[in-house]
Amino acid sequence: MRLSRFFLPILRETPKEAEIVSHRLMLRAGMIRQESAGIYAWLPLGLKVLNKINAIIREEQNRAGAIELLMPVIQSADLWRESGRYDDYGKEMLRIKDRHERDMLFGPTNEEMITEIFRSYVRSYKDLPLNLYHIQWKFRDEVRPRFGVMRSREFLMKDAYSFDLDAEGARHSYYKMFTAYLRTFARMGLKAIPMRADTGPIGGNLSHEFIILASTGESEVFCHKDFLALDAPAENIDFESRAAMQGVFDTWTSKYAATSEMHDAAAYEAMPEADRVSARGIEVGHIFNFGTKYSEPMKAVVNGPDGKDVTVQMGSYGIGPSRLVAALIEANHDENGIIWPDAVAPFNFAIANLKVGDAATDAACEKLYGEFTKAGFDVLYDDRDDRPGAKFATMDLIGVPVQIIVGPKALADGKVEVKHRRTGERELLSLEEVVNKFAAKKG
RNA sequence: CGGGGCAUAGCGCAGUCUGGUAGCGCAUCUGCUUUGGGAGCAGAGGGUCGCAAGUUCGAAUCUUGCUGCCCCGACCA
């Protein structure tokens with residue numbers, strides 16, 4: 001992408017409403033625009049990151065055996081009357097009437113709809129287990145939206161729903177998602193710790209929140225320090241193996257970890273002081289096993305091996321990709337701007353032409369831009385006729401991990417400078433070395 | 001939902017107390033110079049002062065009502 005042709009409305013000054021760093025940086029980097037309280041337009045740069053996050057989530061959901069579909073944002077109130085939640089959900093649910101005065105709503109979640117889809121088609125225990133997910137916009141009419149996309153009213157959610165014949169199967173499904181979540185967050189460079197959680201209005205008896213530690217997090221969390229050193233399960237782990245899944249779950253739940261609302265001060269303080277970690281955290285995922293809470297009233301049943309009807313066991317599993325964008329920034333920034341982890345960076349490389357119009361720098365930049373593009377990378381070429389300082393500031397603000405600086409001085413010796421955003425490390429390389437070292441990798 | 005605050009150019013703000021026909025910085029456009037950490041000079045464009053009533057010869061400024069947004073608290077992917 002040539003920056004001169006891109007739509008990147010960066011701001012030099014911080015809009016006054018932005019309180020936390022991720023919100024400030026998202027506005028300044030031209031990632032989002034507020035259209036209403038808690039409702040945001042995603043500008044090109046923000047959307048690129050959101051899509052990268054979604055891609056990782058999809059890969060890991062698919063790996064764990066979940067199957068993607070897409071449900072609508074507008075739902076009929078009748079479905080919610082069946083589960084009893086139409087009255088329970090309260091003002092958080094945005095209620096709408098269509099032209100025929102029918103009660104509709106903007107979905108805050110999809111348990112009812114997925115259960116309706118399931119019961120319409122699935123008749124046999126042989127079709128279980130089944131896990132269906134989608135990535136779709138949700139609306140919850142929060143009393144007080146704030147912190148940009150961290151707590152917005154409209155937000156993107158990946159929600160998966162599992163269906164099993166019995167409680168044991170449902171636990172296995174739960175563990176599979178538990179494992180997939182650990183991998184998903186780890187791939188984004190986040191250390192997410194599962195914490196025993198309250199089930200809230202979703203219901204059920206088994207639930208974990210996935211919390212990432214960040215000094216600006218919304219809630220206080222407590223855990224054993226060993227969780228910080230644990231590695232996520234490997235890519236080749238067998239999701240179908242009940243023993244393997246149980247093993248992951250046991251490893252990640254064997255020690256103390258709780259949010260402030262589930263905090264057990266006595267258990268926490270029973271640990272040696274050196275093992276205790278008390279920090280701020282951001283909830284980026286939440287999983288539930290709720291048995292027959294929806295399948296019972298909505299009559300989602302299958303024929304069991306003995307020919308008798310069995311009410312299926314369900315669970316739901318949510319990740320907020322739009323919130324994750326903000327959470328990633330909270331965990332990865334400095335005074336100059338965002339520092340994207342490679343896996344979610346909107347651009348892998350940026351090429352800064354320090355002297356646009358100079359035949360040598362123009363030619364070097366075009367060559368590099370061509371090679372990186374050909375290699376399949378997202379590369380941003382700053383070809384604007386602007387001062388070097390402005391280009392450095394822009395690249396740092398939007399957080400491109402590897403910045404290739406092409407200026408007349410170094411180029412006179414056939415070199416360009418490669419700067420790594422995270423470490424600040426710089427190296428002088430020839431064009432050929434840059435291409436071989438970076439552009440050749442992806443294939 | 002309780003408490004507090006704000007609304008003037010794309011962004012950040014001054015002007016409001018004490019009414020007299022709107023200004024500053026950045027950004028934008030044009031020209032020249034400049035080119036390794038957000039350039040300089042010269043010129044230009046851009047605002048029914050959130051909306052609606054009222055008071056007044058005259059309202060960004062005073063009064064009333066409404067709307068939007070932000071912050072603190074209680075609640076939440």
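In what follows, every heavy atom counts, from backbone to side chain, and hydrogens, waters and symmetry copies are set aside. Note on naming: letters A, B, ... go to the chains in the order of the sequence lines (proteins, then strands), and numbering restarts at 1 for each one.
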Nearest-angstrom distance from the residue atom [atom1] of [X] to [atom2] of [N]:
| X | N | atom1 | atom2 | result |
| --- | --- | --- | --- | --- |
| A:Asp385 | B:U33 | CG | P | 12 Å |
| A:Lys409 | B:U35 | NZ | P | 10 Å |
| A:Asp358 | B:G36 | CG | C1' | 13 Å |
| A:Asp382 | B:G37 | CG | P | 15 Å |

Quick one: side chains of residues 408-417 of chain A, donor-acceptor pairs under 3.5 Å with protein atoms, not counting sequence neighbours, listed by atom name and distance.
unit_1: A:Glu417; atom_1: OE2; unit_2: A:Arg426; atom_2: NH1; d: 2.5

What contact category does [X] fall into here, base, sugar-phosphate, or nothing, at under 4.0 angstrom with non-hydrogen atoms?
| X | answer |
| --- | --- |
| A:Arg426 | base |
| A:Arg33 | nothing |
| A:Lys91 | sugar-phosphate |
| A:Ser152 | base |
| A:Leu354 | base |
| A:Ala410 | base |
| A:Asp159 | nothing |

query = Taking N and O atoms by type only, does the side chain of A:Arg28 place a donor or acceptor under 3.5 Å from a partner on the base of B:G38?
reply = yes
ask   = Does a distance-only test, which skips hydrogens and angles, find a donor-acceptor pair under 3.5 Å between the side chain of A:Lys419 and the base of B:G37?
value = yes
Does any nucleotide pair with [N] by Watson-Crick or G-U wobble geometry, both distances under 3.5 Å, and what is it?
| N | value |
| --- | --- |
| B:G58 | none |
| B:G2 | B:C72 |
| B:A39 | B:U33 |
| B:A52 | B:U64 |
| B:G12 | B:C24 |

Distances for protein N/O vs nucleotides 26-30 of chain B N/O pairs under 3.5 angstrom?
unit_1: B:A27; atom_1: OP1; unit_2: A:Arg12; atom_2: NH1; d: 3.4

Find out whether the Lys NZ or Arg CZ of [X] is both under 6.0 angstrom from the six-membered ring centre of [Y] and within 45° of the ring's axis.
| X | Y | result |
| --- | --- | --- |
| A:Arg276 | A:Tyr268 | yes |
| A:Lys48 | A:Phe347 | yes |
| A:Arg95 | A:Tyr86 | yes |

key: Under 4.0 Å protein heavy-atom contact, by nucleotide of nucleotides 66-75 of chain B - B base, S sugar-phosphate only   = ---SSBBBBB
We want to know whether [X] and [Y] form a side-chain donor-acceptor pair, criterion being a heavy-atom distance below 3.5 angstrom.
| X | Y | answer |
| --- | --- | --- |
| A:Tyr369 | A:Arg2 | no |
| A:Arg384 | A:Asn353 | no |
| A:Gln136 | A:Asn110 | no |

Rounded [atom1] spacing from [N] to [M] in Å:
| N | M | atom1 | value |
| --- | --- | --- | --- |
| B:G45 | B:C29 | P | 16 Å |
| B:U28 | B:G37 | C1' | 23 Å |
| B:G20 | B:C41 | P | 33 Å |
| B:C71 | B:C62 | C1' | 28 Å |
| B:A44 | B:A9 | C1' | 15 Å |
| B:G43 | B:C6 | C1' | 36 Å |
| B:U61 | B:U8 | P | 13 Å |
| B:G15 | B:G19 | C1' | 13 Å |

query = Is A:Asp103 paired with A:Arg81 through a side-chain N to carboxylate O contact shorter than 4.0 Å?
reply = yes
key: Interatomic spacing from CD1 in A:Ile329 to CE in A:Met150 - rounded to 0.5 Å   = 8.5 Å
Taking distance alone, no hydrogens or angles, what donor-acceptor pairs closer than 3.5 Å link side-chain atoms of residues 10-18 of chain A to residues at least two apart or in another chain?
none

key: A:Ile193 versus A:Cys223, closest heavy-atom pair with distance   = CD1-SG, 3.9 Å
query = What pair of heavy atoms forms the shortest contact from A:Ala197 to A:Glu209, and how long is it?
reply = CB-CG, 3.3 Å
message = Does the plane of the ring in A:His208 sit parallel, tilted or perpendicular to the ring in A:Tyr174? Use 30° and 60° as the thresholds.
response = tilted
ask   = Where along residues 388-403 of chain A does a heavy atom come under 4.0 Å from RNA chain B, residue by residue in number order?
value = A:Pro388, A:Gly389, A:Ala390, A:Phe392, A:Ala393, A:Thr394, A:Asp396
inquiry  = Tell me every residue that passes salt bridge (charged side-chain N to carboxylate O under 4.0 Å, His left out) with A:Arg280, counting only those two or more places apart in sequence or in another chain.
reply    = none
